[in-house]
Structure formats: C-alpha cells, structure tokens
Amino acid sequence: MRSVTYSMNVSLDGYIAGPDGGFGWTAPDEEVFRFWIDEIRGVGVHLLGRRLYETMLYWETADQDRSLDDSELEWAALWNPLPKVVFSRTLSAVQGNARLCSGGLAEEIERLRAEPAEGEIAIGGATLAAEAAASDLIDEYRAMVYPVLLGGGIPFFPRHERRVDLELVETRAFGSKAVYLRHRVVR
C-alpha cells in the first residue's frame with residue numbers, strides 16, 4: 001500500500017510560516033535543494049492545499065526562466081509532470097498536471113491507495129495535513145527543521161487531542177544548520 005507522507009520546512013518552534021505568513025527563512029541552499037530534488041523522485045502524487053498550490057505555481061513555467069541554475073531546472077522537470085490534487089473551496093480551475101478534488105481528503109487518499117500506481121502520496125500544506133492527521137491517514141512526518149524561532153504562525157503539527165507515537169527513521173544535518181527528521185507513525 002502506498003505511504004502517505006507529510007513534508008514541510010519548519011522552524012525550531014514548530015511553524016511552517018511566521019505570524020505574518022512569511023517563509024523566506026526557508027530558502028534552501030544548494031545542499032538542501034538537492035535533498036528535496038531527491039525526495040520528490042519518490043513521490044507518485046502530491047496533494048496540496050490552495051495556498052501551497054498557489055506558491056508552487058511558479059514552477060509550472062519556471063523552466064522558461066533563463067536565470068535558473070541546473071538544480072532549479074531539474075526540480076521543474078520533476079515537479080511539472082508530477083500528478084497533483086488540489087483541495088480548495090475557492091479555486092474553480094488549476095493549471096499544469098493538477099486537478100481539483102471534488103470529494104473529501106480521506107476518500108481521495110483511499111482511492112489513490114487503491115490504484116496500482118507507484119510512489120508515495122505526499123501531502124503539502126499544514127491545513128490539509130491537519131485534516132489527514134485527524135483521520136490517522138499520515139504514515140510519515142518529514143520535517144526540515146531550520147534554526148530559527150518564529151514565535152507563532154502556522155503550526156507544522158496539527159493541534160488535536162490525540163497521541164501519535166512515532167519511530168525515528170532518518171536524520172540528516174546540513175551545512176546550513178538545517179536538520180532533516182523523518183518519523184514513521186507506529187501503528
């Protein structure tokens with residue numbers, strides 16, 4: 001069965017965006033960017049909330065930007081053909097290899113898990129991940145922890161009253177002082 005993973009950049013105090021909604025503190029250096037390129041190779045479909053979808057729209061045409069370096073072009077070449085499912089109550093259309101989901105998140109994940117496809121089902125966006133976590137649909141939490149305290153904002157981990165036991169699967173420290181943590185949900 002395909003795993004459902006939730007990966008985001010996160011501050012040490014647990015936020016994916018600051019109180020002002022900004023996330024400029026997560027700009028990856030070359031080493032971290034190469035890591036994310038390698039990670040996206042294992043994804044078969046990416047589920048996104050509206051805000052993350054709109055942020056990632058840049059990559060739909062980025063390959064036309066002559067100022068991009070080889071790593072950025074490689075990311076665009078992997079991201080663009082990747083199937084994406086967008087969950088939004090306000091969008092009426094999406095671009096690229098994306099489709100709007102008309103059903104619920106749990107039903108969509110169940111449908112995707114039943115398909116004979118390869119690759120992980122990746123979830124992007126804290127709101128969407130919180131909904132998946134509340135339904136116990138996330139198999140792995142993957143956090144790229146940056147050495148910054150934001151003091152508030154959008155939390156990485158959903159706030160619900162349920163204990164979730166995790167097993168550490170992988171760690172990696174980067175020269176930029178970011179630390180990757182990968183935990184599997186213990187069931």
Side-chain angles (χ1 to χ4, degrees), residues 2-11 15-18 20-102 105 108-109 112 115 117-132 138 140-146 148 150 153-154 156 172 174-176 178-182:
R2 297 167 81 183
S3 292
V4 176
T5 63
Y6 170 42
S7 301
M8 294 289 288
N9 295 322
V10 61
S11 66
Y15 297 97
I16 64 164
D20 63 353
F23 52 89
W25 49 273
T26 67
D29 65 2
E30 180 65 21
E31 183 185 23
V32 171
F33 196 67
R34 293 266 7 132
F35 174 83
W36 286 124
I37 288 171
D38 291 342
E39 283 287 299
I40 201 71
R41 292 180 197 284
V43 174
V45 61
H46 209 292
L47 312 181
L48 302 100
R50 180 195 51 83
R51 281 181 290 213
L52 183 59
Y53 167 74
E54 288 175 341
T55 299
M56 297 302 287
L57 269 177
Y58 164 77
W59 294 104
E60 293 297 326
T61 57
D63 58 351
Q64 299 166 19
D65 183 345
R66 298 203 182 276
S67 69
L68 293 185
D69 65 25
D70 289 342
S71 294
E72 292 166 320
L73 289 170
E74 185 177 359
W75 171 266
L78 293 167
W79 179 257
N80 287 344
L82 181 67
K84 297 162 205 80
V85 180
V86 180
F87 292 81
S88 173
R89 292 181 197 91
T90 58
L91 294 176
S92 58
V94 292
Q95 300 173 28
N97 196 18
R99 67 176 172 81
L100 278 171
C101 184
S102 58
L105 178 63
E108 182 66 18
I109 289 174
L112 290 168
E115 288 181 352
E118 296 288 320
E120 300 164 349
I121 300 168
I123 294 180
T127 303
L128 199 59
E131 183 180 339
I138 297 177
E140 288 191 7
Y141 290 87
R142 300 173 180 180
M144 182 68 72
V145 182
Y146 282 79
V148 61
L150 298 178
I154 300 171
F156 174 84
R172 181 172 168 188
F174 294 85
S176 63
V179 175
Y180 174 73
L181 301 172
R182 178 178 164 208

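Just so you know, residue 1 is the first one in the sequence shown, and it goes up from there.
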Would you say [X] and [Y] make side-chain contact, with heavy atoms under 4.5 Å?
X: Tyr141; Y: Ser7; result: no
X: Phe87; Y: Leu100; result: no
X: Ile123; Y: Ile109; result: yes
X: Thr26; Y: Ile16; result: no
X: Val45; Y: Val43; result: no
X: Leu82; Y: Ile40; result: yes

Search all heavy atoms of [X] against all heavy atoms of [Y] and return the closest pair with its distance.
X: Ser176; Y: Val32; value: OG-CG2, 3.8 Å
X: Gly119; Y: Arg2; value: O-NE, 2.8 Å
X: Trp25; Y: Ala17; value: CZ2-N, 4.1 Å
X: Gly44; Y: Pro83; value: O-CD, 3.4 Å
X: Ala129; Y: Ile138; value: O-CD1, 3.5 Å
X: Pro28; Y: Tyr146; value: CA-OH, 4.0 Å

Check ring-ring contact (aromatic ring centres under 6.0 Å, His included) between Tyr180 and all other residues, then give those that pass, not counting sequence neighbours. Phe35
Give me the ring orientation class for Trp79 and His46: parallel if the planes are under 30° apart, tilted from 30 to 60°, perpendicular past 60°. perpendicular
Using the rule given for side chain to side chain contact (heavy atoms under 4.5 Å, CB included), can you reason through Arg51 versus Thr127, listing the C-alpha separation, both sets of side-chain angles and the distance that settles it, and then say yes or no? CA-CA 10 Å; Arg51 281 181 290 213; Thr127 303; 3.2 Å; yes
Is it the case that over 12 heavy atoms from other parts of the model lie below 6.0 angstrom from the CG atom of Asp38? yes
Under a 3.5 Å distance rule, please check whether Asn9 uses its side chain to pair with a backbone N or O of Val145 as donor and acceptor. no
Checking side chain to side chain contact (heavy atoms under 4.5 Å, CB included) between Trp75 and each of Ile37, Leu68, Asp70, Asp69, which is the one that passes? Ile37
Check the pair Arg41 / Glu120 against salt bridge (charged side-chain N to carboxylate O under 4.0 Å, His left out), numbers first and verdict last. CA-CA 9 Å; Arg41 292 180 197 284; Glu120 300 164 349; over 6 Å; no
Any chance you could measure [X], atom [atom1], to [Y], atom [atom2], to the nearest 0.5 Å?
X: Trp59; Y: Glu72; atom1: CH2; atom2: CD; answer: 5.0 Å
X: Ser3; Y: Ile121; atom1: OG; atom2: CD1; answer: 8.5 Å
X: Ser88; Y: Leu128; atom1: OG; atom2: CG; answer: 11.0 Å
X: Leu47; Y: Cys101; atom1: CG; atom2: SG; answer: 8.0 Å

Applying ring pair (Phe, Tyr, Trp, His ring centres under 6.0 Å) to Phe156 and Tyr6, what does each step give before you reach the verdict? CA-CA 10 Å; Phe156 174 84; Tyr6 170 42; 4.5 Å; yes
Can you pull out every side chain to side chain donor-acceptor pair (under 3.5 Å) where at least one residue sits in residues 91-101? Sequence neighbours excluded, please. Arg99-Glu108
Any chance the rings of Phe23 and Tyr15 have centres within less than 6.0 Å? no
Determine, step by step, whether Arg142 and Glu39 satisfy the salt bridge (charged side-chain N to carboxylate O under 4.0 Å, His left out) criterion, reporting the C-alpha distance in whole Å, the side-chain angles of both residues, the deciding distance to 0.1 Å, and the verdict. CA-CA 10 Å; Arg142 300 173 180 180; Glu39 283 287 299; 3.1 Å; yes
Would Arg89 and Arg50 count as a side chain to side chain contact (heavy atoms under 4.5 Å, CB included) here? Give the steps. CA-CA 8 Å; Arg89 292 181 197 91; Arg50 180 195 51 83; over 6 Å; no
Listed once per pair and sorted, the salt bridge (Lys or Arg N to Asp or Glu O under 4.0 Å) pairs that draw on residues 23-33, sequence neighbours left out: Glu31-Arg172
One pair to check against salt bridge (charged side-chain N to carboxylate O under 4.0 Å, His left out): Glu140 and Arg182. What are the steps and the verdict? CA-CA 7 Å; Glu140 288 191 7; Arg182 178 178 164 208; 2.7 Å; yes
